[in-house]
Amino acid sequence: MSTVSSARPAGALYWPVQARRNIGVRSLFLVVLAFLIAYGFLFPGLFSASGFAKFTQSWFPLALVAMAQAILMLTGGISLAIGPTVSLGAVIAATTMAGPLGVTGGAAAVALTGLGIGAATGFIVVRLRLPAIVVTLAGSFIIGGAALLILPRPGGAIPEWLSDLLAGDTPTAFVLLVAIVLLWKLYLATPLGLSLYAAGENPVGAYRSGVPVDAARVAAYAISGLLSTGAGLFVAAQTGSGDPVIGAAFTLNSIAAAVLGGIGFLGGQGTMRGALAGSLLLSLMISVMFFLGFTPVAQYVAQGLIIIGAVAIPQFRKVQ
Amino acid sequence: MAPLLAARGVSKSFFGNPVLRDVSIALQPGRVHALLGENGAGKSTLINLLSGALRPDGGTIEVDGRAVARMTPALARQAGIAVVQQELSLTASLSIAENIGLGAYPKRFGLVDYSALAARAKAACELVGLHEPLSTPVGQLPLGRRQMVEIAKALYRKPRVLILDEPTSSLSATETKILTDLLERLRSEGIAILYISHRLNEVMKLCHHVTVLKDGICTADRSLEGTDAAGLVRLMVGRDPGDLFPQWRPSPSPATAISVRDFSAGLMRDVDLDIRTGEVLGIGGLVGQGQEDLLLGLYGAIPARTASATVNGAPGLPGGVPRANALGLAYVPADRKREGLHLIHTITTNMMLPAFARLPALKLRSRRAERETARGLATQLGIKGDLARQAQALSGGNQQKVALAKWMPHDPLVLLLNDPTRGVDVETKREIYLMLRAFAAAGKAVVLLSSDTPELVHLCERVAVVREGRIAAMLERAALSEEAIVSAAMGAENRKVAA
Amino acid sequence: MTGWKDSAGGRRVMAILSSRPFLTVAIVAAVWIAASFASRGFGAYGHLRYLVELGAVIGLVAAGQTFVVIAGGIDLSVAAIVTVSAISLPLLSWQADPTGLAPVLAVLALTTIIGLVNGLGVALLRVHPMIMTLAMATFLQGLLIIIAGGSAVTAENPLVHWLGNARPAGIPAGVLLWVAVSMIVLTVMHATPFGARIFAMGANPLAAALSGVPVTSTTLAVYGISGFTSGLAGVLVLGMNGQGYVGIGDPYLLASIAAVVLGGTSILGGLGTYAGTIPGAILLVTITALITVVNASPGWRSILFGSLILGLLLLSGREQARR
Amino acid sequence: AAKCIKGDRKAPYTIGWANIYSVPTWMKQTQGTIEAEVETLKKQGLVDKLVVTDAQGDANVQIQQIQSMIDSDVDAIILIAGSSTAPARVIADACAKGIAIINFDSLVDTDQVTAKVNTDSSQWGDQAAKFLIDAIGGKGKILILNGPAGVSVSDDRRKGADAELKAHPDVTVLAETNTPYNVAPAQEAVTSLLFANPEIDGILSLGGALSAGAVLALDKQGRDQVPITGENARQFLELWKEKGLKSWATMQPNWLGAFAAYTAVQALEGKDVPAFVKIPLPVIDNSNIDEYLARAKDFPADGYIYSPYDEELFKKLLAQK
Ligand SMILES: Nc1ncnc2c1ncn2[C@@H]1O[C@H](COP(=O)(O)OP(=O)(O)OP(=O)(O)O)[C@@H](O)[C@H]1O
Ligand SMILES: Nc1ncnc2c1ncn2[C@@H]1O[C@H](COP(=O)(O)OP(=O)(O)OP(=O)(O)O)[C@@H](O)[C@H]1O
Ligand SMILES: [Mg+2]
Ligand SMILES: [Mg+2]
């Protein structure tokens with residue numbers, strides 16, 4: 001309160017820091033916004049409760065796996081096992097929830113599996129210093145095999161009420177997503193969470209500064225596993241059943257969403273909001289192209305162009 | 001009184017090469033202790049042992065007179081030991097405040113307490129004269145400011161022992177002044193300070209006690225009382241030093257090497273500049289005023305515009321690095337780790353890269369010729385180390401020499417140098433200065449961007465002082481002095497002209 | 001006695017023995033020997049020859065992939081390029097050329113151009129390699145819808161047939177092709193300035209650019225090479241199967257990346273060698289063959305496959321720490 | 001009226017074709033029959049638009065696209081499901097909205113559809129096993145090639161073969177393998193199995209291009225061909241003829257697509273359609289293979305030679321109980 005130079009109250013640090021982080025993804029936000037407007041224009045039903053609910057439901061699992069991938073890439077890691085982990089989450093949910101474990105027990109089983117797989121992967125990558133990309137490639141076969149053992153063919157069941165709650169006509173998925181994002185912000189506000197960036201970008205320096213680098217990275221893998229099996233649970237609820245190969249496409253899509261959102265490969269670059277925007281763009285694109293009446297060939301071409309465009313346009317602006 | 005932190009008879013080797021042999025050092029409260037030695041003498045290794053970043057092969061580390069069984073960075077922090085490494089521990093995507101608090105965030109309910117962090121980080125920043133908003137990502141700061149963040153980060157932890165590894169090598173004169181004043185104050189508060197620098201005048205001014213390392217052996221551990229700079233150099237190199245700066249002689253018949261009109265690039269605006277053959281043209285000013293963009297723009301590494309330009313007789317700007325190289329331009333960056341070297345590649349490969357860049361793409365390489373060239377360059381510049389090792393195993397100063405050496409075989413006509421002597425020991429500095437003058441004498445042009453003002457004064461024909469993206473003053477040889485450069489940099493010159 | 005290990009020659013031998021490519025070769029050999037005891041017929045010469053022939057396809061795709069990865073990128077469009085090559089070649093089998101060389105060259109030109117377009121996106125538009133090549137793969141899917149099944153011509157190309165079936169001196173032509181390509185690749189990679197530029201770009205693109213490395217053209221070349229070798233793999237796989245089909249390239253995306261990384265090339269770029277990718281490719285087909293003959297449920301086979309890769313990685317795969 | 005149909009939809013109708021993946025040749029051919037049928041229906045004034053989506057193999061995307069079809073209120077959806085369970089709920093939603101849903105080829109485990117149209121996968125496996133066991137004289141060593149694991153169709157076919165295999169204890173299964181329904185992976189797997197198993201009496205191949213891969217593998221390793229089952233893939237039929245194989249093949253006719261479109265319109269027009277239309281499995285053997293090969297040039301080289309169809313056939317199929 002005393003001097004003029006310290007006029008900016010010290011407590012106002014958090015929000016400027018947050019605002020600064022938007023700079024890298026502004027143009028992506030604009031592109032996504034344009035698509036949202038186009039979607040709303042093409043399909044006014046979007047603004048009804050159930051229209052909005054369905055829209056967020058189709059985005060939700062992709063949003064989760066994009067987060068799961070992004071958190072790894074922030075630490076300089078990557079996972080090729082996201083898809084099978086989603087499948088595993090789905091089959092565990094579909095085989096336990098309608099059974100003796102019940103919904104709570106099933107959800108706990110799903111969560112523990114995700115955390116366990118993630119932590120184990122993280123331990124192998126971090127402590128044994130093996131390249132994440134091959135460890136998770138090998139992991140994808142192991143996890144996918146486990147899903148096939150639990151449910152050799154699509155089946156199982158999710159209690160009807162849970163499906164209706166998560167994937168009915170109410171925007172529960174959106175509320176959940178908001179909650180997860182808030183939890184993420186909360187995590188990033190913990191010392192361990194904030195260390196993610198330092199551990200990813202400059203592990204040696206971070207270690208010397210007293211950051212528990214290994215713990216931060218293993219924790220990231222565990223959280224990533226949790227998000228992936230969580231996405232699997234949601235997919236199971238959305239479809240009312242389990243399918244041992246349902247997640248296959250999520251591996252590449254999660255990477256695409258994260259990279260589209262400006263997450264770098266070397267660690268420490270990018271933001272979660274970017275990854276979420278990237279996943280939203282991927283999801284929106286499908287619906288918008290449908291309403292524009294694109295043929296499959298046009299869908300493929302347009303999809304390629306949109307993805308490249310969303311990344312290249314900001315670059316052009318930077319050059320000029 | 002027991003020293004706050006001490007090493008007793010420590011040794012360390014890398015891959016069987018001894019780097020430190022039976023070295024002892026004791027840091028006393030209220031004393032600024034200098035650690036001197038040539039590049040690769042083992043100074044950084046010693047502080048890594050003191051701060052727990054590395055473990056000694058033999059000997060002990062003592063805190064408050066008690067031996068520590070196993071020093072780790074965490075233990076060191078608990079003991080109040082803070083190390084300023086050269087922009088090594090910063091994270092580009094985090095804000096200044098988040099970097100300063102890294103590893104020691106204030107917490108509330110398990111969360112980072114941003115208001116407490118802001119308050120404490122602000123206090124630390126004010127000590128070192130950092131006035132950028134605390135929310136600025138560190139990646140957006142110029143090198144010198146990052147160094148200040150690194151120092152603020154050390155102060156944030158309220159250390160009892162402060163270790164600084166070449167803190168001033170990327171700082172401008174003003175920033176250096178702030179730092180030396182600060183250190184003096186901290187010392188008077190009873191903090192033990194270990195100070196590494198290759199700038200001997202700073203050491204003379206600031207320090208009370210000196211430990212000198214030579215090839216990993218402690219050759220002196222004594223009070224600085226009654227020692228002069230020449231004496232220090234003698235301690236380091238073991239013989240009488242020559243003058244640091246070579247005799248200045250005018251070069252013969254200057255011609256224009258590079259000429260630009262209304263040149264703009266990055267922060268630089270509307271620059272008219274002629275660079276003559278046979279001269280060393282200095283570029284001075286406070287850090288981050290656009291000096292670097294001037295060099296990069298001329299070099300074709302960033303987009304640049306100009307009304308008219310000739311470069312070594314060819315019209316127009318090069319517009320790209322390969323073309324600039326073909327026109328005889330060579331550039332040595334300041335941030336050697338990020339822009340100069342391929343740390344994971346061997347020293348030989350690093351030295352040969354410009355050659356690889358211009359040779360026909362599919363011509364067969366001759367490993368033997370490469371080894372010989374590299375060996376020749378290493379001898380010429382006194383680069384120590386196995387040339388087949390990765391460049392990251394070199395000490396900082398030797399890395400700098402590699403970044404410079406790689407251009408030598410190409411006999412460039414214009415050398416664009418961005419702080420080439422940063423972190424370089426006095427002997428090597430001398431060699432580099434001699435090379436630069438010899439270069440100019442051979443009728444070539446040298447553009448020397450430097451944060452070391454004495455360097456500009458003693459080496460250059462003319463110094464262009466840059467301020468806010470413009471050349472604020474062009475000081476001719478006769479008018480060159482440290483005061484003139486500093487006052488032009490601060491804007492005094494401008495006012496005089498305006499008046 | 002300090003021993004021969006300290007002599008110059010001894011040190012070089014030690015360096016080779018402890019290098020990743022050598023370790024991978026040793027692991028392949030060990031797996032082969034172990035497998036020939038465990039499974040009847042595994043060690044038969046014919047089988048090993050067949051495995052190497054299969055490895056040739058992965059090896060060709062992975063040749064381009066190795067270049068791209070060392071240069072600091074990644075190519076996710078290789079699978080689609082293999083398919084495009086195998087599908088479009090039969091469409092081009094015109095009568096005028098009895099050797100069948102012309103259509104092959106035309107297809108290779110096509111796939112090289114596809115690669116160059118990848119390079120353009122990466123170098124000029126500055127699109128992340130993963131995004132650029134993923135988008136390219138998507139484009140090519142669209143292209144495949146148009147060209148696939150568009151004609152009923154089968155691959156009656158003599159050159160392609162020869163590549164896929166002939167065995168001069170008892171060695172499959174595909175393997176000979178692989179050997180030739182490998183020698184060229186190793187030479188270009190390790191014995192030319194072009195190769196050195198690629199390593200430099202991968203290790204530190206900024207420093208490479210400031211040292212005068214022509215980053216744009218080198219990037220173009222690298223992705224062009226990847227398009228070319230993928231196209232070549234498509235031609236070979238077409239010959240081996242007698243018929244191209246949509247999806248024929250699918251297995252080669254992950255396989256090429258896995259071969260590169262198993263061979264010790266850093267996925268971060270700047271470090272590695274094709275000499276490791278070669279045994280890496282053979283290792284992959286070997287493990288696949290091994291899993292095939294194990295009689296277990298699909299789930300267990302998948303688990304076994306993953307565990308084997310992980311186990312072998314533990315033997316050879318420590319990533320170098322870097323700052 | 002048929003299930004899901006509500007009276008308020010009027011011709012001409014908009015038909016949504018929710019494809020799971022339009023790139024594979026089988027799918028392309030199927031799409032061809034749908035387009036041809038839609039042209040016919042357009043001429044009759046019954047259809048005015050065909051909306052096509054391609055889920056690129058991702059069952060989650062297919063759900064999203066079906067949702068979009070619901071949102072844009074198409075009159076009918078014909079679909080090949082990317083998962084036998086995943087689209088169940090969204091399909092139920094569509095049904096509740098009065099959209100006619102005809103599910104063919106890969107079916108969904110829900111009865112909230114207007115009709116399902118398919119051959120019997122279990123019967124497929126059973127008949128194939130019967131033929132093979134017969135062909136090897138009731139005893140011997142066989143390999144089983146199957147499509148990808150975790151997918152209902154391949155699992156059903158495999159289960160269908162179980163009874164026959166159990167009934168013949170002298171038939172030993174040397175090894176089983178799962179690969180995509182493609183030539184190259186099948187050829188690879190069979191080659192490895194050939195080396196591991198010097199004696200093989202027959203191959204029970206459960207579809208797609210697996211059989212062609214197996215024949216090529218035997219041929220390339222210089223082994224005698226053995227009795228083998230398969231599908232109507234053109235490459236396989238040509239190899240069959242060329243090598244004089246002892247074979248049997250059935251098919252998943254591509255015109256299931258055309259038939260689904262036809263059925264959708266019939267249902268919308270108020271006709272009663274059966275909840276499940278079982279398509280008899282056509283059998284290709286040495287007696288009729290020449291008929292198929294005679295038409296080969298009309299089909300893509302990597303495609304499937306399907307049996308002829310016309311409206312009469314469709315009517316007959318719909319009339320069956
Ligand atoms: N991790 C390492 N691996 C191999 N050699 C190393 C390693 N660290 C340091 N060295 C070698 O040890 C010697 C001492 O290095 P150090 O960094 O301590 O020197 P320095 O005195 O700080 O030099 P400078 O003045 O250049 O900073 C050098 O020769 C260096 O090459
Ligand atoms: N390959 C390596 N692995 C681990 N540690 C290394 C390696 N190379 C060097 N180091 C250690 O890290 C220390 C700091 O490295 P750096 O390159 O910053 O040296 P420096 O002498 O401090 O440079 P500068 O003087 O520019 O700050 C080195 O002196 C050495 O002890
Ligand atoms: Mg040092
Ligand atoms: Mg140094």
Side-chain angles (χ1 to χ4, degrees), chain A residues 1 3 5-24 74-76 183 185-213 215-216 262-264 266-271 274 318-320, chain B residues 48 51-54 72-78 82-83 85-123 126 131 133-140 150 153-154 157 302-303 392:
Chain A
M1 306 295 111
T3 59
S5 71
S6 62
R8 188 207 286 278
L13 175 62
Y14 183 76
W15 295 110
V17 166
Q18 295 300 315
R20 287 275 187 170
R21 296 210 177 121
N22 283 334
I23 292 174
L74 282 179
T75 67
L183 280 177
K185 298 261 52 148
L186 213 58
Y187 182 65
L188 257 202
T190 65
L192 192 66
L194 197 48
S195 326
L196 265 183
Y197 279 93
E201 185 188 311
N202 187 349
V204 175
Y207 172 70
R208 289 185 184 174
S209 309
V211 173
V213 173
I263 308 263
L266 302 176
Q269 310 153 300
T271 56
K318 226 180 273 173
V319 169
Q320 280 158 14
Chain B
N48 283 339
S51 62
L54 289 174
T72 64
L75 267 181
R77 261 190 318 283
Q78 278 165 27
V83 184
Q85 259 133 11
Q86 197 154 22
E87 48 124 4
L88 213 105
S89 66
L90 299 183
T91 302
S93 48
L94 293 183
S95 67
I96 293 179
E98 286 163 327
N99 266 294
I100 288 178
L102 190 66
Y105 292 121
K107 277 185 263 187
R108 199 167 53 175
F109 314 124
L111 301 183
V112 176
D113 183 347
Y114 268 88
S115 26
L117 175 62
R120 287 178 53 189
K122 192 168 174 62
E126 263 159 17
H131 298 296
L134 290 176
S135 60
T136 316
V138 161
Q140 292 176 8
E150 185 77 54
K153 180 173 168 185
R157 293 154 189 267
I302 60 173
Q392 67 181 341

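Numbers restart at 1 for each chain; the letters A, B, ... are given by sequence-line order, proteins then strands.
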Next item on the list: Would you mind checking which part of A:Leu186 comes under 4.5 Å of any heavy atom in chain B, side chain (CB onward), backbone (N, CA, C, O), both or neither?
Entry: both
Notebook entry, point to check: Is there a side-chain contact between A:Arg208 and B:Ser51 (heavy atoms, below 4.5 Å)?
Noted result: no
Notebook entry, point to check: Are the side chain of B:Ser93 and the backbone N or O of A:Gly268 linked by a donor-acceptor pair below 3.5 Å?
Noted result: yes
Next item on the list: Heavy-atom pairs under 4.5 Å with chain B are the metric here; pick the option from A:Leu194, A:Thr271, A:Leu188, A:Leu192 that has the most.
Entry: A:Leu194
Margin query: Would you say that more than 12 heavy atoms from the other residues, nucleotides or ligands in this model lie under 6.0 Å from the NZ of B:Lys107, or not?
Written below: no
Item checked: Evaluation steps, side chain to side chain contact (heavy atoms under 4.5 Å, CB included), between A:Tyr197 and A:Asn202 -> CA-CA 8 Å; A:Tyr197 279 93; A:Asn202 187 349; over 6 Å; no
Notebook entry, point to check: Any idea which of B:Ser95, B:Pro137, B:Ala82 has the most non-hydrogen atom pairs under 4.5 angstrom with chain A?
Noted result: B:Pro137
Next item on the list: Check whether any side-chain N or O of A:Glu201 sits under 3.5 Å from a backbone N or O of B:Ala92 as a donor-acceptor pair, and report yes or no.
Entry: yes
Checklist line | Max heavy-atom pair count under 4.5 Å with chain A, selected residue of B:Asn99, B:Thr136, B:Leu117 | finding: B:Thr136
Item checked: Contact class of A:Tyr207 relative to chain B, heavy atoms under 4.5 angstrom -> both
